[in-house]
2 protein chains.
Amino acid sequence: MGRTRHETFTCAAGCTVEATLNLIGGKWKGVILYRLLTEEVLRFNELRRLLPSITQRMLTNQLRELEKDGLVQRTIYPEVPPRVEYRLTDEGRTLEPVISALKAWGDRYVANRAD
Amino acid sequence: MGRTRHETFTCAAGCTVEATLNLIGGKWKGVILYRLLTEEVLRFNELRRLLPSITQRMLTNQLRELEKDGLVQRTIYPEVPPRVEYRLTDEGRTLEPVISALKAWGDRYVANRAD
DNA sequence: CTGCATCCCCGCGGATACTG
DNA sequence: CAGTATCCGCGGGGATGCAG
């Protein structure tokens, strides 16, 4: 299925902002990345449990995109029943400051809306 | 027209990441915010020129959403021909670290893909 | 348990034309 | 100049079912 927006990366100034958003701006990617940053390694169904309202379809989908973009690593253990683990790649781990910034700002914003 | 995803903000841990992405993750919002952060104040057509491939429709649309979310301020000067200026609100200006993080990471990512 | 396949709705967002 | 209005295609994404 479709990637969430994805053009070639011939950018002018400031367009790299969009480039980043194209990678992490998917409907669930933010939370997925956040979870993998804090939990280090997660199985498919563990992720599902952490993202209560996501469908399997979308989880698979988003994970595949993150994998294709080199941000997430997928490890398959040839067992029965099958086990698949997801963790961030080195590249993916460099997103930590970005996700932190998003979360920090969101925390403040949501808190202020509470008044 | 539709906002780009917008649920109520009753979040669990890490969901504020999505909350932020819901506000700035629109197709053009990243660049718009980036521009307004650097240029301080811009008129409608100045923004259009800075975003070569955006349509008026989408520019208006995105600006309206940013305005409704309290990130952008719209000032109308009752002149002929009409003049409208866009600038960030105080709240919007607090996004600076976020946009910076997005841009910094994107710069690195795009550069590395160039090899 | 971890998926892929299919069906299908709906809303994002482009193109185009018109207005104060 | 700075929009609004309308039409409409395409693909995002939910629901469901099947498979290794």
Side-chain angles (χ1 to χ4, degrees), chain A residues 1-8 15 18 21-32 35-36 39 41-69 72-87, chain B residues 1-8 15 18 21-32 35-36 39 41-69 72-87:
Chain A
M1 250 207 52
R3 317 186 43 69
T4 12
R5 290 178 260 141
H6 221 274
E7 309 84 51
T8 40
C15 163
E18 287 301 326
L21 285 174
N22 285 339
L23 295 182
I24 72 172
K27 188 171 185 186
W28 303 93
K29 293 185 183 174
V31 217
I32 293 175
R35 289 308 187 172
L36 287 176
E39 313 272 340
V41 47
L42 287 168
R43 301 183 52 174
F44 189 80
N45 272 0
E46 291 177 328
L47 274 167
R48 282 188 64 183
R49 249 169 279 123
L50 290 173
L51 284 46
S53 58
I54 198 174
T55 58
Q56 318 96 319
R57 175 190 162 76
M58 280 314 291
L59 182 52
T60 307
N61 201 15
Q62 301 285 77
L63 284 170
R64 284 304 181 291
E65 293 191 10
L66 291 169
E67 188 189 1
K68 186 184 305 183
D69 290 327
V72 161
Q73 183 195 356
R74 178 159 164 262
T75 316
I76 311 171
Y77 296 88
E79 307 173 354
V80 181
R83 178 162 59 110
V84 179
E85 288 183 350
Y86 294 92
R87 72 195 71 210
Chain B
M1 250 205 52
R3 319 184 43 67
T4 11
R5 290 178 260 139
H6 221 272
E7 308 85 51
T8 41
C15 164
E18 288 301 326
L21 285 174
N22 285 339
L23 295 183
I24 72 172
K27 189 171 186 187
W28 303 93
K29 293 185 183 174
V31 215
I32 293 176
R35 289 308 188 171
L36 287 176
E39 313 271 340
V41 47
L42 287 168
R43 302 182 52 172
F44 189 80
N45 274 357
E46 292 178 327
L47 274 167
R48 282 188 65 182
R49 249 169 277 123
L50 290 173
L51 282 45
S53 57
I54 198 174
T55 58
Q56 318 97 315
R57 175 191 162 75
M58 279 315 290
L59 182 52
T60 306
N61 202 15
Q62 302 285 80
L63 284 170
R64 286 303 182 291
E65 292 191 10
L66 291 169
E67 188 189 1
K68 185 183 307 184
D69 289 327
V72 161
Q73 183 194 356
R74 179 158 164 261
T75 316
I76 310 171
Y77 295 89
E79 307 173 356
V80 182
R83 179 162 59 111
V84 179
E85 289 183 349
Y86 293 91
R87 73 195 70 208

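Residue numbers begin at 1 in each chain, while the letters A, B, ... track the order of the sequences.
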Can you confirm whether [X] sits close enough to [Y] that some side-chain heavy atom of one is under 4.5 Å from a side-chain heavy atom of the other?
| X | Y | answer |
| --- | --- | --- |
| B/Pro82 | B/Phe44 | no |
| A/Arg74 | A/Leu63 | no |
| B/Glu65 | B/Lys29 | yes |
| B/Leu50 | B/Ile32 | no |
| A/Glu85 | A/Tyr77 | yes |

Using only side-chain N and O atoms of B/Asn61, determine if any of them is under 4.0 Å from OP1 or OP2 of C/dC12.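 Checking B/Asn61 against C/dC12: no side-chain N or O falls below 4.0 Å of OP1 or OP2.
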OP1 or OP2 of D/dA2 sitting under 4.0 Å from any side-chain N/O of B/Arg43?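 For D/dA2, OP1/OP2 do have a side-chain N/O of B/Arg43 under 4.0 Å.
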Rounded to the Å, how far apart are [X] [atom1] and [N] [atom2]?
| X | N | atom1 | atom2 | answer |
| --- | --- | --- | --- | --- |
| B/Leu51 | D/dA2 | CG | P | 15 Å |
| B/Leu63 | D/dT4 | CG | P | 11 Å |
| B/Leu59 | C/dT16 | CG | C1' | 17 Å |
| B/Arg48 | D/dC1 | CZ | P | 9 Å |
| B/Leu47 | D/dC1 | CG | C1' | 14 Å |
| B/Tyr77 | C/dG20 | OH | P | 24 Å |
| A/Glu79 | C/dG3 | CD | C1' | 16 Å |
| A/Ile76 | C/dC4 | CD1 | C1' | 13 Å |

Closest to side chain of [X], choosing from [options]:
| X | options | result |
| --- | --- | --- |
| B/Met58 | C/dG14, D/dG20, C/dG20 | C/dG14 |
| B/Thr55 | D/dA15, C/dA15, D/dC1 | C/dA15 |
| A/Trp28 | C/dG14, D/dG14, D/dC1 | D/dG14 |
| A/Thr60 | C/dA15, C/dG3, D/dG13 | C/dG3 |
| A/Tyr86 | C/dG14, C/dG3, D/dG14 | C/dG3 |
| B/Lys27 | C/dG14, D/dG3, C/dT2 | C/dG14 |
| A/Phe44 | D/dA2, D/dT16, C/dT2 | C/dT2 |
| A/Arg74 | D/dG14, C/dT16, C/dG3 | C/dG3 |

Would you say the side chain of A/Arg57 and the base of C/dT6 hold a donor-acceptor pair, judged only by whether the two atoms sit under 3.5 Å apart?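 Flag set: donor-acceptor pair detected.
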Donor-acceptor pair under 3.5 Å: do we get one between B/Arg64's side chain and the base of D/dT4?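 Flag unset: no donor-acceptor pair detected.
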Return whichever of A/Ile54 or B/Arg83 has its heavy-atom-nearest nucleotide of DNA chain D closer to the 5' end.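 Of the two residues, B/Arg83 wins.
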Determine the sole option in A/Met58, A/Arg57, A/Gln56 for which the side-chain contact (heavy atoms from CB on, under 4.5 Å) test with A/Ile54 is passed.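 The passing option is A/Met58.
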